[in-house]
Every structure is written in C-alpha cells, then in structure tokens.
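Let me begin by presenting the structure, written as structure tokens, before commenting on it.
Keep in mind that this is a model prediction, so the values were computed, not measured.
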Amino acid sequence: MRILYDRERCVGTGSCVFAEPAVFDQDEDDGRLVVLDENPDENFRQGVLDAIAVCPVAAIELAKD
C-alpha cells in the first residue's frame with residue numbers, strides 16, 4: 001500500500017489524523033497534512049481508507065500499483 005497526497009490541497013481539518021493517527025499528522029506551523037508513513041503496513045488499510053473518505057478536499061489517495 002502506497003499513499004499519495006497533495007499537501008497543497010490540504011485545508012488542515014485534521015480528519016485524516018482522527019481516522020488514522022498512526023499514519024497521518026498535522027504540521028505544527030500550518031496545520032496541514034503530514035504523512036508519517038507513505039507505505040504503511042496492511043494493518044492500517046481500513047484507517048487509511050477512512051481518512052481518504054473523510055478528507056473534504058480529496059488530498060489523499062492510494063496508489064494504483
């Protein structure tokens with residue numbers, strides 16, 4: 001699993017962090033998306049999918065490998 005993201009599109013709602021805090025965080029300066037692990041273990045798949053679903057600006061997606 002590989003996460004793709006557009007940090008510039010992020011508006012800093014933090015929805016992704018609530019959905020999967022082991023993979024996503026927010027920048028302390030501007031509140032925008034920080035991906036802690038771009039290739040997380042499959043154990044985090046559901047949380048990552050939840051984060052993708054709740055992102056209001058579609059800044060996160062999974063790579064289609």
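Looking at every heavy atom in both residues, Ala59 comes nearest to Cys55 through N-SG, 3.3 Å. Heavy atoms only, all atoms of each residue included: Ala51 and Ile60 are closest at O-CD1, 4.4 Å. Leu4 and Arg2 get closest at one heavy-atom pair: CD2-NH1, 3.4 Å. Nearest heavy-atom pair across Cys10 and Arg32 is O-CD, 3.4 Å.
Taking the side chain as every heavy atom from C-beta outward, Val48 and Pro40 approach each other to under 4.5 Å.
If you take CE on Met1 and CG on Asp37, they are separated by 8.0 Å, rounding to the nearest 0.5 Å. Taken to the nearest 0.5 Å, the CZ atom of Phe24 stands 10.0 Å off from the OH atom of Tyr5.
Ion pair Asp50/Arg45 not flagged as a salt bridge, since none of the NZ, NE, NH1 or NH2 atoms sits closer than 4.0 Å to an Asp/Glu carboxylate oxygen.
The 12-atom threshold is not exceeded at CD of Glu28, counting heavy atoms of other residues, nucleotides or ligands nearer than 6.0 Å.
Without hydrogens or angle criteria, Arg9 side chain to Ala58 main chain gives a donor-acceptor distance under 3.5 Å. Within the 3.5 Å criterion, the main-chain N or O of Val34 finds no donor-acceptor partner in the side chain of Gln26. Arg7 contributes a side-chain N or O that, together with a main-chain N or O of Leu33, makes up a donor-acceptor pair within less than 3.5 Å.
Applying the side-chain contact (heavy atoms from CB on, under 4.5 Å) test between Val23 and each of Ile3, Val17, Leu36 identifies Ile3 as the sole match.
Residue Phe44 is grouped with residue Leu62 when hydrophobic side chains (ILVMFWY) are merged at heavy-atom distances under 4.5 angstrom, including chains of intermediate members.
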